[in-house]
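First up is the structure itself, then whatever we jot down about it.
Counting begins at 1 with the first residue of the sequence. No hydrogens, no waters, no symmetry mates; every other heavy atom, side chains included, goes into these values.
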Amino acid sequence: MRDGHLGGAALDVFDVEPLPAGDPLRDLPNVLLSPHVAGVTPESTGRLVTAVLGNLAAAVEGRAVEGVVNGVSPVISRRFTRSPIA
C-alpha cells in the first residue's frame, strides 16, 4: 500500500482483534478498516434468520432453496431417515 501497488484496500479481518492502536495499517490514508462484526446488526441478523427458515421450509417441501452459488441444484432431493435407537 505504501509503495502504490494498490490504490486502496478495505480490510475487516486481522490477526489480533481489535486492531491494536499502534498498528501501521491505521496510518495508511488509502485503507478502510472495519471491525469484522460491522455487519452484525439486529436487522441483518433478522434477515439471516428469515432466509434460513425459508430455505429450511423449501428443502422440506421439495422446493428450490434460495442463494445457491456453487452450481449445485437448488432442490434438495436427498431424504434422511432417523435410525431407531437401540
Side-chain angles (χ1 to χ4, degrees):
M1 294 298 299
R2 285 192 176 101
D3 294 338
H5 293 285
L6 294 174
L11 308 170
D12 79 334
V13 179
F14 310 100
D15 287 336
V16 176
E17 300 260 356
L19 193 62
D23 192 285
L25 287 172
R26 290 181 176 263
D27 296 330
L28 298 173
N30 52 349
V31 175
L32 172 68
L33 303 173
S34 171
H36 189 59
V37 297
V40 179
T41 64
E43 295 82 5
S44 66
T45 301
R47 286 190 302 270
L48 177 61
V49 169
T50 298
V52 168
L53 292 175
N55 274 343
L56 178 61
V60 168
E61 295 167 4
R63 296 182 287 112
V65 298
E66 305 253 338
V68 176
V69 297
N70 64 349
V72 299
S73 172
V75 177
I76 308 299
S77 60
R78 190 180 324 170
R79 299 221 182 246
F80 295 95
T81 58
R82 182 191 283 180
S83 298
I85 299 175

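Annotation: side chain of P24 is in contact with side chain of R2 (closest heavy-atom distance under 4.5 Å). Counting heavy atoms from C-beta outward, V16 and P20 have side chains that approach closer than 4.5 Å. Side chains of T45 and L48 form no contact here, defined as non-hydrogen atoms less than 4.5 Å apart.
Nearest heavy-atom pair, A59 versus I76, reported as atom, atom and distance to 0.1 Å: CB-CG1, 3.6 Å. The heavy-atom pair separating A58 from A64 by the smallest distance is CB-O, 3.6 Å. Here the closest heavy-atom approach between residue L19 and residue R26 is recorded as O-NH2, 2.5 Å. Of all the heavy atoms in V72 and V68, the pair that sits closest is O-CG1, 3.4 Å.
Atom CG in L6 sits 11.0 Å away from atom CG in L28 (nearest 0.5 Å). To the nearest 0.5 Å, atom CG of residue L33 and atom CZ of residue F14 are 4.5 Å apart. To the nearest 0.5 angstrom, L56 atom CG is 9.0 Å from E61 atom CD.
Formation of a donor-acceptor pair under 3.5 Å by the N55 side chain with backbone atoms of E66 is found in this model. Checked by atom type and distance alone, the side chain of D3 never pairs as donor or acceptor with a backbone atom of H5 at under 3.5 Å.
A 6.0 Å sphere centred on CG of D15 holds no more than 12 heavy atoms belonging to other residues, nucleotides or ligands.
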